[in-house]
2 protein chains.
Amino acid sequence: MSSDPTKLSRGRPKTLDRDHVLDVAMEAYWKGDIGSLSLNEICRRSGVSKPGLYREFSNEDGLMKAVIVRYQEQVLNPVQQMLQSENSFRETLDSLVSFATSTGCQHDSPMGCLFTKMRESRTQLGEATRAQVYLLEEQALAAFRQWVERSKAKGEFAADMSSEFAATYIDAQISSASSQLARGEDPKIVKKILSVAFSMLG
Amino acid sequence: MSSDPTKLSRGRPKTLDRDHVLDVAMEAYWKGDIGSLSLNEICRRSGVSKPGLYREFSNEDGLMKAVIVRYQEQVLNPVQQMLQSENSFRETLDSLVSFATSTGCQHDSPMGCLFTKMRESRTQLGEATRAQVYLLEEQALAAFRQWVERSKAKGEFAADMSSEFAATYIDAQISSASSQLARGEDPKIVKKILSVAFSMLG
DNA sequence: AAATTAAAATACCGAGCGGTATAAAAATGA
DNA sequence: TCATTTTTATACCGCTCGGTATTTTAATTT
């Protein structure tokens, strides 16, 4: 908004690499216990001083919100795109299951879903982060519901249930699968569970 | 083993009420964030001094293990009994679903299952507690598997899957439901989800 | 009554936490 | 050259944590 990214700053040039810090923090929260991971530890791992981190993100809540927003952009939005494709319900469902039971979307990303992890540890999050997670929840449910509605219109959704409930059901199963993966369960088993749980849908 | 419960102790008589402390701790862990609940807080709530608590339970790990053992005795064992009843698979399944989606088994117990909660926060538990949780996991899976096997023999289990996998599937669904309840979701919705997820079993 | 035993409560320990005051360092404009 | 601006790193604050050393209290045994 106000600052030109090229070079018309006055003071000492900043060396803090925001993206690097976010990468480190995202992986840390993704792999570890969100509630037990301290800011000090993030500083240590990213090689950034504590005041530097506070200037960039205000506080722990700010960092975590930035992390979940980044996760949304990098991981969740592609899934949402997938749900809007013109493929059949079954094809999209298979893609969804494959995505949910494999690593996030990058080279060496941890098992499970950071968003699911944050949902589960709601009570340990700051205000801003919790609000963002809540927003993502609503987006996910809406995306599932619209997908089901479109599939119903195409006659590809067989189960006798409201789109609202179907969305809740799909969300619950995907979250559960992500949770199991994060706990270290065998991805093949988790995938099989999802297949059975979705077998009556279409 | 060595001490007679009546009265042949020598020193100052103990006033610490072990059961009271366990009641307080169980409710605290059940309702709150296990990883964030401090021993200091348990002491405060139970009105017991910290050294008193350490004398009785050795350390935090000892207290948490005592709590989960108590939970097993009070809540989990009755469920295991239920799985061994002579009722039909459907009847038992309905009982299981009703149990899982209502309060634990007592008057004012919180939503969800303490065992499930501890499974989810494995990494934050001490050694002894984690070992006990692992033991309970194996017991639960074995109980489910034997239940399915007996139901198959009676021709009441319709789905085409191994008893091993069926047990894993049932366990995953029950855990997921408990998790949703603990997060505050509507028990009616959760029950409906379980019904759908179990609709193809028998 | 004196010695002994065990449980009680107070007060403390080192460590780590989220967060910040402070001052040195590195760039700019005059 | 020198003041100004901005970022940096060190060192610190108050607090809570899990766990314990210490002393007082209340009972039994001799």
* Going through the checks in order, is the side chain to side chain donor-acceptor pair (under 3.5 Å) test met by A/Gln180 and A/Ser176? -> CA-CA 6 Å; A/Gln180 293 167 53; A/Ser176 171; 3.0 Å; yes
How close or far is atom [atom2] of [N] from atom [atom1] of [X], stated in whole angstroms?
X       : N      : atom1 : atom2 : answer
B/Leu53 : C/dT10 : CG    : P     : 15 Å
A/Asp17 : D/dT7  : CG    : P     : 15 Å
B/Arg18 : C/dA7  : CZ    : C1'   : 16 Å
B/Leu16 : C/dA6  : CG    : C1'   : 13 Å

N/O contacts under 3.5 Å, protein versus nucleotides 4-6 of chain D?
| from | atom 1 | to | atom 2 | distance (Å) |
| --- | --- | --- | --- | --- |
| D/dT6 | O2 | A/Arg12 | N | 3.0 |

* I would like to know whether B/Ser179 and B/Glu120 meet side chain to side chain donor-acceptor pair (under 3.5 Å); could you show each step before the answer? => CA-CA 9 Å; B/Ser179 209; B/Glu120 284 173 355; 2.4 Å; yes
* To do: Establish, with yes or no, whether the OP1 or OP2 oxygen of D/dT10 is under 4.0 angstrom from a side-chain nitrogen or oxygen of A/Ser49.
  => no
* Asked: Think B/Ser38 has a side-chain N or O under 4.0 angstrom from the OP1 or OP2 of D/dC17?
  -> yes
Under 3.5 Å, which protein N or O atoms sit close to an N or O of nucleotides 19-21 of chain C? Give each pair with its distance.
| from | atom 1 | to | atom 2 | distance (Å) |
| --- | --- | --- | --- | --- |
| C/dG19 | OP2 | A/Tyr54 | OH | 2.9 |
| C/dG19 | OP2 | A/Glu60 | N | 3.3 |
| C/dG19 | O5' | A/Tyr54 | OH | 3.4 |
| C/dG19 | N7 | A/Lys50 | NZ | 3.0 |
| C/dG19 | O6 | A/Lys50 | NZ | 2.4 |

* Structure fact -> Comparing nearest nucleotides in DNA chain D, the 5'-proximal residue of the pair A/Gly52, B/Glu41 is A/Gly52
* Taking only Lys NZ, Arg NE, NH1 and NH2, and the carboxylate oxygens of Asp or Glu, determine whether B/Lys14 and B/Glu56 approach each other closer than 4.0 Å. => yes
* What pairs of residues pass the ring pair (Phe, Tyr, Trp, His ring centres under 6.0 Å) test when at least one of them lies in residues 160-198 of chain B, not counting sequence neighbours? -> none
* To do: State whether a side-chain donor-acceptor pair under 3.5 Å links B/Gln84 with B/Gln146.
  => no
* For the pair A/Tyr29 and A/Val24, evaluate side chain to side chain contact (heavy atoms under 4.5 Å, CB included) and give the outcome as yes or no after the intermediate values. => CA-CA 9 Å; A/Tyr29 288 133; A/Val24 170; over 6 Å; no
* Asked: Run the salt bridge (charged side-chain N to carboxylate O under 4.0 Å, His left out) check on B/Glu156 and B/Arg150 step by step: do they pass?
  -> CA-CA 9 Å; B/Glu156 294 170 354; B/Arg150 284 190 358 260; over 6 Å; no
* **Whether A/Asn87 side chain and A/Thr92 backbone form a donor-acceptor pair below 3.5 Å** => no
